[in-house]
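Please read through the structure below; I'll follow up with questions.
All values derive from a computational prediction rather than experimental measurement. No hydrogens, no waters, no symmetry mates; every other heavy atom, side chains included, goes into these values.
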Amino acid sequence: MTIRHHPGDEVLLELAAGRLSAGPALLASVHAERCPRCRERLRALEAAGGVLMESLPAQALRPDALARTLEAVDALKASRESSALPVAAVPSARPSWPEGAPWPQALEGCRFTPWKWIGPGMSWSRMAPQCDAAANVFLLRIAPGRSLPAHTHKGLEWTQVLHGAFHDGHDLFGPGDFDSADGDVHHQPVVQGQSDCICLAAVDGRLLFDGRLARLVGALAGM
């Protein structure tokens with residue numbers, strides 16, 4: 001299936017500049033790995049950024065610049081270690097995967113749980129990207145004909161389709177497709193075809209499910 005949905009140039013620009021937060025950056029990297037168009041666009045933006053940096057005039061650094069930088073790095077490392085999920089809760093193992101389905105290289109080194117049941121035909125795997133263990137990133141696996149409960153969003157939801165396809169009432173998303181949705185979007189992804197649909201998702205905020213039971217399950221799963 002042809003990739004039809006891509007991250008916008010503003011997302012790729014933020015990724016190239018290193019300003020995209022860990023969850024969305026992971027999804028955009030997975031997409032660029034599979035999408036020649038976005039991969040070339042990302043390379044062009046990175047090259048343009050390098051040229052721009054070289055053209056900037058040199059600036060004198062403060063005498064304590066190195067010490068301050070090392071202190072900031074140590075503080076960031078300590079913050080991430082303190083917020084990381086326990087290794088026992090997030091074992092270093094890949095969840096079961098459909099035979100023949102590609103596993104993104106960008107996910108190598110990430111830790112995640114085995115699949116956990118969250119509803120009929122639906123399972124979930126919490127992931128902790130190596131660059132930010134506290135990022136709200138997870139895998140969703142939904143069986144053919146099943147759907148995620150209808151919802152909108154408090155914040156942003158980013159989705160990258162890894163396997164299978166779904167239709168959310170607005171458009172069809174297949175392998176390699178990327179989507180982002182905010183509070184203006186209300187949808188209900190329904191899996192199409194004869195195979196499971198597996199998506200990598202990052203949530204900045206919360207999913208606001210319509211039903212009480214769905215809201216409870218979503219809260220327990222950290223969605």
Please confirm whether Phe112 and Trp97 have ring centers closer than 6.0 angstrom.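 Between Phe112 and Trp97, the centre distance exceeds or equals 6.0 Å.
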
Give the ring-plane orientation class for His6 versus His31, where under 30° counts as parallel, over 60° as perpendicular and anything between as tilted.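 Plane angle over 60°, so perpendicular.
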
Closest non-hydrogen atom pair, Ile3 against Gly176: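 The pair with the smallest heavy-atom distance is CG2-O, 3.6 Å.
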
Taking side-chain contact (heavy atoms from CB on, under 4.5 Å) as the test, write out the residues that go with Pro104, two or more places apart.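 In terms of side-chain contact (heavy atoms from CB on, under 4.5 Å), with neighbours along the sequence ignored, Pro104 is linked to Val30, Glu33, Leu107, Leu162.
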
Tell me the closest heavy-atom pair linking Gly145 and Val190, and the distance in Å.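 Smallest interatomic distance, heavy atoms only, reads O-CG1, 4.2 Å.
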
Derivation and outcome, salt bridge (Lys or Arg N to Asp or Glu O under 4.0 Å), residues Glu46 and Arg43: CA-CA 5 Å; Glu46 290 171 339; Arg43 288 173 180 167; over 6 Å; no

Hey, could you give me the CZ/SG distance between Phe178 and Cys38, rounded to the nearest 0.5 Å?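 Answer for the CZ-SG pair, Phe178 versus Cys38, is 9.0 Å.
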
When you look at CZ of Arg41, are more than 12 heavy atoms from neighbouring residues, nucleotides or ligands closer to it than 6.0 Å?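 Counting neighbours around CZ of Arg41, 12 or fewer heavy atoms of other residues, nucleotides or ligands fall under 6.0 Å, so no.
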
Of all heavy-atom pairs between Ala135 and Gly23, which one has the smallest distance, and what is that distance?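 Minimum heavy-atom separation between Ala135 and Gly23: CB-N, 4.1 Å.
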
For Pro7 and Leu12, work out which heavy atoms get closest and say how close.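 Smallest heavy-atom distance, with atoms named: CG-CD2, 4.0 Å.
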
Taking side chain as C-beta onward, heavy atoms only, is Arg141 less than 4.5 Å from Pro95?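 With C-beta onward as the side chain, the pair stays apart.
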
Are there over 12 heavy-atom neighbours, none belonging to Gln105, within less than 6.0 Å of that residue's CD?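 No - once you tally the heavy atoms of other residues, nucleotides and ligands closer than 6.0 Å, there are 12 at most.
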
Do the side chains of Leu148 and Phe209 get nearer than 4.5 Å, heavy atoms only?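 Phe209 vs Leu148: side chains touch.
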
Report yes if some heavy atom in the side chain of Met127 is under 4.5 Å from a heavy atom in the side chain of Leu139; otherwise report no.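 Yes, their side chains come closer than 4.5 Å.
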
With sequence neighbours excluded, what pairs up with Ser29 under the side-chain contact (heavy atoms from CB on, under 4.5 Å) test?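 For Ser29 the side-chain contact (heavy atoms from CB on, under 4.5 Å) partners, ignoring immediate neighbours, are Leu15, Ala106.
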
Quick one, Leu140 and Thr159 - any side-chain contact, counting heavy atoms below 4.5 Å?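 No - every pair of side-chain heavy atoms lies 4.5 Å or more apart.
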
I'd like to know if the side chain of Gln160 and the backbone of Cys199 have a donor-acceptor N/O pair within less than 3.5 Å.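 Between the backbone of Cys199 and the side chain of Gln160 there is no qualifying donor-acceptor contact (under 3.5 Å).
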
If I compare all heavy atoms of Cys197 with all of Phe166, which pair ends up nearest, and what's the gap?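 That closest heavy-atom pairing would be SG-CD2, 3.9 Å.
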
Do you know the tightest heavy-atom contact between Ala143 and Val191?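 Looks like O-CB, 3.4 Å.
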
side-chain contact (heavy atoms from CB on, under 4.5 Å) partners of Thr152, counting only residues at least two apart: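 Here the qualifying residues are His186, Leu208.
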
Got more than 12 heavy atoms from elsewhere within 6.0 Å of CZ, Arg19?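 Yes - once you tally the heavy atoms of other residues, nucleotides and ligands closer than 6.0 Å, there are more than 12.
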
Sub-3.5 Å donor-acceptor pair from the side chain of Trp115 to the main-chain atoms of Ser96, do we have one?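 It does hold such a pair.
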
Contact check, side chains of Ser21 and Asp204, non-hydrogen atoms, under 4.5 Å: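 Contact flag for Ser21/Asp204 side chains = no.
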
Set of residues satisfying ring-ring contact (aromatic ring centres under 6.0 Å, His included) with respect to His187, sequence neighbours excluded: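 With neighbours one apart ignored, the set is His151, His153.
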
Pairs in or reaching into residues 144-172: which pass salt bridge (charged side-chain N to carboxylate O under 4.0 Å, His left out), with residues at least two apart or in two chains?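 Found Arg4-Asp171.
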
Kindly write out the residues that satisfy side-chain contact (heavy atoms from CB on, under 4.5 Å) with Gln188, not counting sequence neighbours, or none if the list is empty.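 So Gln188 forms a side-chain contact (heavy atoms from CB on, under 4.5 Å) with Ser147, Ala150.
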
Compute whether any side-chain donor of one residue and acceptor of the other, for His167 and Gln192, lie under 3.5 angstrom apart.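 Result is no, nothing qualifies.
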
